[in-house]
Amino acid sequence: GTIAKTGGKVVKNVAGYDLHKLMTGAFGTLGVITEVTFRLHSVARHARSFTVSAGDAELLGRLMMMVMDSHLNAQSLQMRSGDAGFQLDVRLAALPEVMEEQGKALGAMAAGLGLAAGDGDEGVWGAREGMFAGTAVAVVKATMLPTEIAPMTVTVAKLGGRSVAQATGVMVAAVPAAAVMELRQRVERERGTVVILRQAGPLECVAGAELDRWGTLPDTMALMREVKQMFDPKRILNAGRYLGGI
């Protein structure tokens, strides 16, 4: 578990709060970070990228889940949408003598779905940063279950946008400003979240209603206030700095 000292109390986190994420996004309202330890991972010496293209994102979603559930050493895995349709990028990391075998296994998985895995351009791994290239679109980060990546990729495309989603369920999408609220509703229906990273115009509220910045998930604000009370009962840590007066 993780142990942290907050508000004069020692809190042990076993299966509850993810203290790292809480502290990172709390703007100092829950605790004071006095020491940070970084864990470094070595860069693979031998890696090879593959790209599978399809007009049907659902097929790519099935392939993505197959890769995640396989013995393949997939270092990176993402789904993209754009003018050229849908693509699944897979970067495999393995020793040279094993790489060919891994590539063949990926090709066999793709072929089983009527798809073909070809060599990928290393530049595709910068596609997420490319979402910020246009100025006439809003850029959002959406979180979802991995099984929802393919359907949500299709949704973004239908809204006139582009997206890049990591297999962990984190998507960055560039969509017209007028489509942000519709995308948000669609994501929240599947118990996901949407955060606007860059706004490119006024957001259109549904039926003229006031914009709810916290979304439709129940008791969001109440839960955050309870967390604040638990970590900082005397309200001495940046009180009022966070949205909602937290």
Gap between atom CG of Leu59 and atom CE of Met64 - 0.5 Å precision: 12.5 Å
Ion pair check, Arg186 and Glu190, cut-off under 4.0 Å: yes
same_hphob_cluster(Ile149, Val170) at 4.5 Å side-chain heavy-atom cutoff: no
Nearest non-hydrogen partners of Phe132 and Arg198, listed with the distance: O-NH1, 2.9 Å
Residue pair Val175, Val156: steps toward the side-chain contact (heavy atoms from CB on, under 4.5 Å) verdict: CA-CA 7 Å; Val175 297; Val156 171; 3.9 Å; yes
Step-by-step side-chain contact (heavy atoms from CB on, under 4.5 Å) determination, Arg48 to Asp119: CA-CA 8 Å; Arg48 182 180 175 187; Asp119 287 329; 2.7 Å; yes
salt_bridge(Glu148, Arg191) N-O dist < 4.0 Å: no
From OG (Ser163) to CE (Met131), nearest 0.5 Å: 7.0 Å
CA sep, side-chain torsions, deciding dist, call: Ser49, Glu122, side-chain hydrogen bond (donor to acceptor under 3.5 Å, both in side chains): CA-CA 7 Å; Ser49 294; Glu122 288 297 318; 2.6 Å; yes
Gln75 (side chain) donor-acceptor with Val43 (main chain) under 3.5 angstrom: no
Heavy-atom donor-acceptor pair, Lys141 side chain to Val194 backbone, under 3.5 Å: no
Shared hydrophobic cluster, Val52 / Val124 (ILVMFWY, side-chain heavy atoms < 4.5 Å): no
OH on Tyr242 to OG1 on Thr29, rounded to 0.5 Å: 7.5 Å
Atom of Gln102, atom of Ala94 and distance for their closest heavy-atom approach: CG-CB, 4.4 Å
Joint cluster assignment, Met23 & Met230, ILVMFWY side-chain distance < 4.5 Å: yes
Val180 with Val172, same ILVMFWY side-chain cluster at under 4.5 Å: no
Main-chain N/O of Leu77 paired to Asp89 side chain as donor or acceptor, under 3.5 Å: no
Thr147 side chain reached by Met65 side chain, heavy atoms, under 4.5 Å: yes
Sub-4.5 Å side-chain heavy-atom contact between Leu92 and Phe50: yes
Of Thr153, Leu183, Val187, Val164, the residue whose pairing with Met171 passes side-chain contact (heavy atoms from CB on, under 4.5 Å): Thr153
Non-hydrogen atoms of Ala127 and Arg80 that approach each other most closely: CB-CD, 3.8 Å
Val67 and Met109, any side-chain heavy atoms less than 4.5 Å apart: yes
Donor-acceptor contact present, side-chain Asp232 to main-chain Gly31, <3.5 Å: no
For the student: nearest non-hydrogen atoms of Ala174 and Val137, plus distance: CB-CG2, 3.8 Å
Minimum heavy-atom distance Ala110-Ala117, with the two atoms named: CB-N, 4.2 Å
Point-to-point distance, once rounded to the nearest 0.5 Å, from CZ of Arg62 to CG of Asp56: 9.0 Å
4.5 Å side-chain heavy-atom contact, Val154 and Lys158: yes
Smallest separation among heavy atoms of Phe231 and Leu30, with atom names: CB-O, 3.7 Å
Distance (rounded to the nearest 0.5 Å) between Leu22 CG and Lys228 NZ: 12.0 Å
Contact check, side chains of Met66 and Leu113, non-hydrogen atoms, under 4.5 Å: yes
Sub-4.5 Å side-chain heavy-atom contact between Leu237 and Val32: yes
Hydrophobic cluster identity match, Trp125 and Leu60, side-chain contacts under 4.5 Å: no
Arg128 and Gln78, any side-chain heavy atoms less than 4.5 Å apart: no
Residue pair Leu88 / Val90, side-chain heavy-atom distance below 4.5 Å: yes
From Arg91 atom CZ to Asn73 atom CG, the distance as rounded to the nearest 0.5 Å: 12.0 Å
